[in-house]
Structures are given as C-alpha cells and as structure tokens.
Amino acid sequence: MLSSGLTLIFSMMGVLNFAHASFYMLGAYIAYTISSVVGFWPALVLAPVAVGLLGALVERYGLRPLHKFGHIPELLFTFGLSFLIVELVQLIWGRAAVQYAIPKQLDGPLFTLFSTSFPAYRAFMMLVALAMLGAIWLVLTRTRVGLVIQAALTHPDAAEALGHNVPRIFMWVFGGGSALAGLAGVIGGNAFVTEPAMAATVGSIIFVVVVVGGMGSLAGAFVASLLIGIMQTTAVALDYSLAHLLGKVGVAVSPATPAYALLNVTIAQSAAILPYLLLVLILIFRPKGLMGTRE
C-alpha cells in the first residue's frame with residue numbers, strides 16, 4: 001500500500017519524496033485520535049482524507065516553488081520535512097507508543113489451519129490493499145481523470161495547451177499518493193505499533209519495492225512487495241548457515257577456521273538485508289526493474 005502511493009509520487013511525478021513514510025505515520029496517529037472519539041470505521045475514511053489534504057498543501061506551498069530547481073532541492077525539502085513531522089508527532093502525541101487497538105469486529109482468528117490461526121485483521125488488510133490497487137488501476141486507465149493525469153505527467157505542455165491546469169493536477173496526485181500512505185497507516189498502525197519510529201522502520205524498504213518493481217509500474221510494485229515479503233518470511237524460517245551446509249558435505253568448521261563468524265551467520269539472521277541485496281542485483285542486471293520500462 002505504501003509503495004503504490006510512492007509509485008504515483010516518486011515514479012510518475014519524479015519527486016523524491018523522503019517524507020512518504022512520515023505521511024504513513026501521520027495516518028496512524030490521526031486515525032488513533034479519531035477512533036478514540038468516533039470509532040475505527042469513520043477513522044478509516046477521515047484519516048486518509050486529512051493526510052491527503054495535508055499532502056496537497058505540502059506540494060502547493062512547499063514543493064511547487066522547488067520544481068524548477070530540479071530534484072536535489074525537492075529531495076532536501078522532503079528529507080527535512082520527514083524530521084519535522086517526527087518532531088511534531090512527538091510534541092503532540094508524545095514519545096511513547098499509543099494504544100491504537102484493532103477493532104473488536106476484526107479482533108480474532110479468521111480460520112485455523114494445522115493448529116495455526118490466521119488473524120481476521122490480516123485478511124482485512126489484504127482485502128483493503130487489493131481493493132486500493134484495483135481502484136488506482138481503474139482510475140488511471142479507465143476514467144477521463146486518469147487519462148488527464150497521465151497526459152499531464154508525460155506531456156505537461158500539451159495538456160496545458162488543451163486547457164488543463166497541470167500544477168493543480170500535480171498537487172492532487174501528490175495529495176492522492178499521501179492519502180494512500182495515510183490509509184496504510186490507518187490499517188497498519190494498529191496491526192503493528194503506532195510510535196514515532198514507525199516511519200523509519202518502513203522508510204527505506206518502500207523505495208526498494210518501487211525500484212525492484214520498476215519505476216512507474218503499479219503492477220511491478222505489487223509483485224515486488226509480494227516477492228520481498230515472501231522472501232523475508234521464508235528466510236526467517238530457515239535456520240541454516242554455510243557452516244551447517246559445509247558440515248553436511250563432510251567439511252568440519254571450527255573456531256580456528258578463517259571467517260568462522262561469517263560462516264555461522266544463518267539465513268534467518270540475514271533476512272533483514274535480503275531486500276537490499278535483491279535491490280543491488282536488480283540495479284546490476286535489470287536496471288529498469290521487474291516490470292518497468294526503460295526511458
């Protein structure tokens with residue numbers, strides 16, 4: 001869900017939005033505040049709208065004056081904005097994690113398979129993510145609004161000559177991407193932990209997903225996110241090391257063996273770096289990504 005919003009902003013507008021994960025965090029905190037007053041379901045709608053409007057204001061009054069200076073000022077602005085949002089969150093909600101709970105209707109197992117229960121809320125997260133992806137695809141490819149957005153992003157001068165307000169389109173595309181990040185925060189904040197470091201936890205991995213999937217490809221972001229998720233989950237379950245494999249073929253490994261510590265690193269211990277290793281391999285052998293197109 002995060003990667004879909006970043007694909008709209010980073011890949012289609014060319015804006016290096018380092019504050020994207022911060023909008024995800026804002027979505028979680030705003031949903032926590034709204035849900036404590038009127039419940040989770042109104043927060044599911046209101047929080048993404050609020051984050052989207054905030055994103056549109058950021059583009060209008062922060063990023064728009066910087067577009068003419070290139071990508072570096074945009075990068076520096078969003079990088080600084082991410083720190084500012086973290087400080088504001090700590091001032092308003094504090095430094096400790098907040099009690100943003102899963103709604104009671106979805107708090108429990110959906111089914112049990114071989115003594116393992118699958119949470120109903122996880123299924124809800126998957127359904128929302130798929131519905132969101134389908135809605136984005138339909139809007140961009142099957143509606144007049146989507147055609148105007150694509151035209152403004154690929155041929156801005158021609159779109160402006162036809163009477164479309166390209167800067168306004170950019171503003172709402174940025175706001176829409178921010179709203180998607182806010183929606184991810186609404187349903188991810190209570191599934192994980194809502195605290196000031198939650199943006200830093202996912203900040204780097206979403207860029208990995210966008211680059212591995214292919215710049216500007218929503219389908220690529222979807223495939224890459226599934227690939228990376230399955231790869232990390234599988235790696236955590238594999239408690240094997242090079243020393244273990246060498247022992248299987250009759251090669252003894254002892255503390256006196258060169259690189260003994262490295263040989264004893266298990267696949268489970270290295271699960272966190274596997275997405276970044278995949279990113280390096282993609283950049284070397286397929287720079288356009290899995291489903292991207294080379295410009």
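Values reported hereafter were calculated over all heavy atoms of this structure, with side chains retained and with hydrogens, waters and symmetry mates removed. Computed from a predicted structure; not experimentally measured. Each residue takes its place number in the sequence, starting with 1.
- Summarising the geometry of Gly27 relative to Ala47, their closest heavy-atom pair is O-CB, 3.9 Å, with the distance given to 0.1 Å.
- Using a 4.5 Å heavy-atom threshold, the side chains of Met1 and Val128 count as touching.
- Residues Trp137 and Val148 do not share a hydrophobic cluster, defined by chaining ILVMFWY side chains whose heavy atoms lie under 4.5 Å apart.
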message = side chain to side chain contact (heavy atoms under 4.5 Å, CB included), that's the test. Do Ile149 and Val145 meet it? Break it down for me.
response = CA-CA 6 Å; Ile149 290 173; Val145 173; 3.9 Å; yes

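- Among all heavy-atom pairs drawn from Val166 and Pro156, the shortest one is CG2-O, 3.5 Å.
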ask   = Run the ring-ring contact (aromatic ring centres under 6.0 Å, His included) check on Tyr29 and Tyr100 step by step: do they pass?
value = CA-CA 8 Å; Tyr29 273 100; Tyr100 180 29; 9.0 Å; no

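- Counting all heavy atoms, side chain and backbone alike, Val209 lies closest to Ser225 at CG1-N, 3.8 Å.
- In this structure, the side chain of Thr234 does not engage the main chain of Met231 through any donor-acceptor pair within 3.5 Å.
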task = Please assess Phe23 against Val58 for the test side chain to side chain contact (heavy atoms under 4.5 Å, CB included), listing each intermediate value before the final yes or no.
result = CA-CA 11 Å; Phe23 290 113; Val58 167; 4.2 Å; yes

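- Other residues, nucleotides and ligands place no more than 12 heavy atoms under 6.0 Å from the CZ atom of Arg168.
- Using a distance-only test at 3.5 Å, with no hydrogens or angles considered, a donor-acceptor pair links the side chain of Thr194 to the main chain of Gly189.
- Note that the CG atom of Leu283 and the CG atom of Leu278 stand 9.5 Å from one another [nearest 0.5 Å].
- Contact annotation: the side chain of Thr201 never approaches that of Val193 to less than 4.5 Å [non-hydrogen atoms, C-beta and beyond].
- The distance from the CG atom of Leu88 to the CG atom of Leu26 is 8.5 Å, given to the nearest 0.5 Å.
- Other residues, nucleotides and ligands place more than 12 heavy atoms under 6.0 Å from the CZ atom of Phe111.
- Residues His67 and Glu74 share a closest heavy-atom pair of ND1-OE2, 2.7 Å.
- A side-chain donor-acceptor contact under 3.5 Å links Tyr121 to the backbone of Ile187.
- Between Leu66 and Pro73, the shortest heavy-atom contact is CD1-O, 3.8 Å.
- One hydrophobic cluster, built from ILVMFWY side chains closer than 4.5 Å, holds both Met291 and Leu226.
- Residues Asn190 and Phe40 meet the side-chain proximity criterion, which asks for heavy atoms closer than 4.5 Å.
- Cluster annotation: Leu106 is connected to Leu130 through the hydrophobic network of ILVMFWY side chains, with a link wherever side-chain heavy atoms come within less than 4.5 Å.
- Trp41 is connected to Ile34 through a chain of hydrophobic side-chain contacts under 4.5 Å among Ile, Leu, Val, Met, Phe, Trp and Tyr, so both are in one cluster.
- In the hydrophobic clustering of this structure, Leu76 groups with Phe83; members are Ile, Leu, Val, Met, Phe, Trp, Tyr whose side-chain heavy atoms approach within less than 4.5 Å, directly or through other members.
- For the pair Leu183 and Leu44, the minimum side-chain heavy-atom distance is below 4.5 Å.
- One N or O on the side chain of Ser82 and one on the backbone of Phe79 form a donor-acceptor pair closer than 3.5 Å.
- Residues Phe174 and Asn17 meet the side-chain proximity criterion, which asks for heavy atoms closer than 4.5 Å.
- The closest side-chain heavy-atom distance from Tyr24 to Val51 is not below 4.5 Å.
- We find the CD1-CD distance between Ile205 and Gln232 to be 5.5 Å, quoted to the nearest 0.5 Å.
- In this structure, Leu6 CG and Ser178 OG are separated by 10.0 Å, a value rounded to the nearest 0.5 Å.
- Listed here is the closest heavy atom pair of Ser4 and Leu133: OG-CD1, 3.9 Å.
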key: Verdict with supporting geometry, Val86 and Met25, side chain to side chain contact (heavy atoms under 4.5 Å, CB included)   = CA-CA 9 Å; Val86 170; Met25 177 175 62; 3.9 Å; yes

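- Between the side chain of His20 and the backbone N or O of Ala181, no donor-acceptor pair lies under 3.5 Å.
- Inter-residue side-chain proximity for Glu160 and Pro167 is flagged as met; some heavy-atom pair is nearer than 4.5 Å.
- A distance of 11.0 Å separates CG of Leu113 from CZ of Phe118, quoted to the nearest 0.5 Å.
- Between Thr33 and Trp93, the closest side-chain pair of non-hydrogen atoms falls below 4.5 Å.
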